[in-house]
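Just so it is clear: chains get the letters A, B, ... in the order the sequence lines come, proteins before strands, and each one is counted from 1.
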Amino acid sequence: MSGVLAVYGKEIKLYFRSPIAYFVLAVFLLGTGYFFSYNLFVSGLATMRETFQNMGLLAVILLPVVSMRLFATEYSAGTYELLATLPLAPWQVVLGKYLGALTMLVLMALGTVLDLVPLYLFGAPETSTIFSGYLGFLLLGSACLAIGQFCSSLTENQIVAALVTVSLLLGFWFVGHLQSFQTVQFLRELFLYVSFAWHFGEFIEGLARFESLALFVLFAAGALILNVCALEWRR
Amino acid sequence: MSHPVELHSLTKTYGERTVVDRVSFHVSRGEIVGFLGPNGAGKTTTLRMIAGYLAPTSGQVTVAGHDVINSPTESASAVGYAPERPALYESFDVLGYLHFVARAKRVRRADTASQLDRVVSACRLEAVARTEVYKLSKGYRQRLGLAQALLGQPEVLLLDEPTSGLDPGQISETREVIRSFGRDQSVLLSTHILPEVTLLCDRIAILHHGRLLAIDSPAGLATAVGRANRVELHVAAGEPSDLMERLLDISGVIRVDVDDRQVPYAVNCAVDSSGNVEAAIARVVARDWDLLGLRRHDPSLEDVFLHYVEGAA
């Protein structure tokens, strides 16, 4: 585990010594703050439901900016040669980097907790639904980061990594809409089942279902395993 | 007992192109071996396979008794590797970078401070210990690359062009660090600089087009290409054909060229490296001619290198 922690520590330092972490946190918190204020003061909705929906879409667009550099910059800067020749197994490198990216996700989620203060002051939100929404956000973000990290391990160009990741994540976000065009029952169910928006929507409604939780965990685990395979393949 | 580094028929191919071709040798404890070869000879690829960065297409590498493919973490623990282009995190400061490498190499917390002090002092990095990597000069970057390789007290040091980009003072200091490490541990380094291998290395491996052409001590290599030895003499006058005939009768003289266009004659004898052939030449010439000068030329490392590389071309 010490190898994982060494990589994790390095990643955290790298995040906060570059402007990317501050930029992503600022854009995310400004975005969610704007939508929360609009929903609360203009639409008069004293719930987190709409804000969670906006948080989900913002995460799908912004998290690739967090994940794009994870391996692509190591390749282009030549530092992967160091990582690959230190006594670290590929899974330790993958996990250390992933935990670093997850820390960014948790910071993004924590930044929105401030929104709850006026919500509890002026309304009567359901605490269990809020918990479920945050759980869904963290699971959605975990899957997005793992997919982004895998894409980053395939290229030396972080812009390519970000664009491929955004395309994939938007695909998984909107794929549920395709079910309306399908007459085959199996395809209708498949499109709905792999839809990130649909499963995240379930969490926002307070339905923290095992099926939705399993889908996000499976996506994250699958992408991380592919990530380890990509590193092995590079040798 | 196994050697710290052993290569058995190591091969690396990319499609149809063979970059390293059935290379086998070993590096003993307390030995410095230099890899010599022109650009594209396969030196870096071989070092990368030993370091575990690249997997061989076939063959085997063991480091400290661990197979690099089957036990990658154990073999990596025994290696300190400094690539030609130092792998540095630009936004870290020097100590922060070394601290990360120490943690990744599982240096015990209690030993970390002393090990950092040791490598910082050995590589003369004290003045820039708190400086960010992106602000370092090329020489300091190269030395930081060497410092990270020395962390964790590895059994084997792999250095790819360790003195490239350094000024003469830094080159001398770096050579001293390598020499001092090589007294007890093993070092395998690649370089283009011929005097460097002569000054540092116990044995020299000559690599060309991915093939190991020769591996021996500098003296051993010179002996192996002994045909390149020559004795040059100047003779006042006389019959050139007689002189040539008498010289060719001497055991050890292979070929004689006499330049009789001007007096004194310039005579060049290609000789083998056995015995004291120049003394025999001097005796024979002095008996019947006026010998004005005699000098033996042993092959330089450059001669040895060119002999192998041109022979393989």
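For B:L54, the parts lying near chain A are the backbone and the side chain together; criterion is any non-hydrogen pair under 4.5 Å. Only the side chain of B:Q148 comes within contact range of chain A, judged by heavy atoms closer than 4.5 Å. Looking at A:L14, both its backbone and its side chain come within 4.5 Å of chain B, counting heavy atoms on both sides. Heavy atoms closer than 4.5 Å to chain A are found in the side chain of B:Y97, but not in its backbone.
Among pairs with a residue in residues 86-105 of chain A, those fulfilling salt bridge (charged side-chain N to carboxylate O under 4.0 Å, His left out) read A:E11-A:K97, A:E74-A:K97, at least two apart in sequence or across chains. Under the side-chain hydrogen bond (donor to acceptor under 3.5 Å, both in side chains) criterion, the residue pairs touching residues 63-87 of chain B are A:E81-B:Y81, B:Q60-B:D67, with sequence neighbours excluded.
Side-chain contact of A:N39 with A:E50: a donor-acceptor pair under 3.5 Å is absent, judged by distance alone.
Between B:F100 and B:Y89, the ring planes lie perpendicular to each other; the angle is over 60°, past the 30° to 60° tilted range.
Taking the centre and axis of the six-membered ring of A:Y75, the NZ or CZ atom of A:R234 falls inside the cone set by 45° and 6.0 Å.
Chain A forms the most heavy-atom pairs under 4.5 Å with one residue out of B:G152, B:P86, B:A104, and that residue is B:A104. For the set A:G96, A:A89, A:S2, A:A77, the entry with the most heavy-atom pairs within less than 4.5 Å of chain B is A:A77.
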